[in-house]
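In what follows, a single structure is set out as structure tokens and then discussed.
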Amino acid sequence: MSSTADPCAAPTAAVALFRSLGDPARLAILRRLAEGEARVTDLVTCVGLAQSTVSAHLACLRDCGLVVSRPVGRASLHSLAHPELLDMLAAAERLLAATGEAVNLCPDYGSGAVVPAPTNKGSSR
């Protein structure tokens with residue numbers, strides 16, 4: 001980190017990273033991939049979402065550089081792109097254990113927070 005960087009400014013890339021991790025489905029996909037490679041059908045079963053939705057989340061995670069895939073026959077196996085992500089997820093688990101229910105009770109981001117409905121920006125539907 002540069003000594004001229006503003007210590008009060010959040011780095012744009014870090015904000016994007018945490019936003020990519022902030023979606024419950026994407027986080028569930030990453031947690032499943034932390035256990036090993038998986039096909040889309042495996043992830044559909046794990047997260048309980050439609051195949052198209054899981055594929056869209058995988059595309060987002062791939063675009064963020066967090067997930068890679070390799071073809072195996074007619075399917076693709078998806079995996080974490082960087083083992084450091086395992087360390088970050090483990091650190092998050094430790095932090096959540098240390099804070100107890102404080103984060104979950106947060107009125108802005110906890111389980112009782114009102115989440116705005118997704119928008120279809122740029123969609124013709």
Side-chain angles (χ1 to χ4, degrees):
M1 186 152 101
S2 167
S3 61
T4 60
D6 180 356
C8 295
T12 304
V15 170
L17 171 66
F18 285 108
R19 281 188 181 152
S20 72
L21 299 174
D23 182 271
R26 286 193 296 273
L27 187 55
I29 289 168
L30 290 173
R31 289 181 58 152
R32 168 54 188 84
L33 293 178
E35 296 174 3
E37 293 180 311
R39 299 169 298 156
V40 171
T41 56
D42 302 325
L43 297 169
V44 165
T45 301
C46 178
V47 298
L49 296 173
Q51 182 272 329
S52 59
T53 303
V54 170
S55 292
H57 284 302
L58 281 168
C60 173
L61 292 167
R62 241 186 343 268
D63 291 345
C64 291
L66 300 177
V67 169
V68 293
S69 62
R70 64 182 180 91
V72 176
R74 292 180 56 182
S76 291
L77 283 178
H78 304 275
S79 60
L80 298 179
H82 302 281
E84 298 87 352
L85 191 52
L86 293 171
D87 297 335
M88 192 169 98
L89 293 173
E93 293 289 337
R94 288 191 303 275
L95 181 59
L96 289 170
T99 62
E101 289 293 307
V103 173
N104 198 35
L105 296 173
C106 173
D108 293 325
Y109 300 108
S111 61
V114 176
V115 178
T119 61
N120 288 329
K121 293 180 182 176
S123 175
S124 59
R125 290 188 245 173

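Note that this is a predicted model, so its numbers are computed, not measured.
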* Asked: Do Val103 and Leu89 belong to the same hydrophobic cluster, where Ile, Leu, Val, Met, Phe, Trp and Tyr are linked whenever their side-chain heavy atoms lie under 4.5 Å apart, directly or via other members?
  -> no
* Asked: So, do His78 and Arg32 sit near enough that their side-chain heavy atoms are less than 4.5 Å apart?
  -> no
* Asked: Side-chain contact, heavy-atom cut-off 4.5 Å: Ser20 with Leu17?
  -> yes
* To do: Using side chain to side chain contact (heavy atoms under 4.5 Å, CB included) as the criterion, point out the one residue from Val47, Leu66, Asp23 that pairs with Ile29.
  => Val47
* To do: Could you check if a side-chain atom of Gln51 sits within less than 4.5 angstrom of a side-chain atom of Val54, using non-hydrogen atoms only?
  => no
* Leu77 and Arg39, any side-chain heavy atoms less than 4.5 Å apart -> yes
* Asked: Where is the tightest heavy-atom contact between Leu85 and Leu21, given as atom of each residue plus distance?
  -> CD1-CD2, 4.5 Å
* To do: Determine whether Leu58 and Ser69 make a side-chain contact, defined as any pair of heavy atoms from C-beta on separated by less than 4.5 Å.
  => no
* Asked: Are any of the side-chain heavy atoms of Leu30 and Val67 separated by less than 4.5 Å?
  -> yes
* Structure fact -> Residues Leu49 and Thr53: closest non-hydrogen pair is CD1-CG2, 4.0 Å
* To do: Enter the distance from Leu80:CG to Glu37:CD here, rounded to the nearest 0.5 Å.
  => 10.0 Å
* Between Met88 and His82, does a side-chain contact (heavy atoms from CB on, under 4.5 Å) hold up when you go through it step by step? -> CA-CA 11 Å; Met88 192 169 98; His82 302 281; over 6 Å; no
* About how many Å separate CG of Leu33 and CG of Leu43, when rounded to the nearest 0.5 Å? -> 5.5 Å
* Does any non-hydrogen side-chain atom of Ser79 lie less than 4.5 Å from one of Val68? -> yes
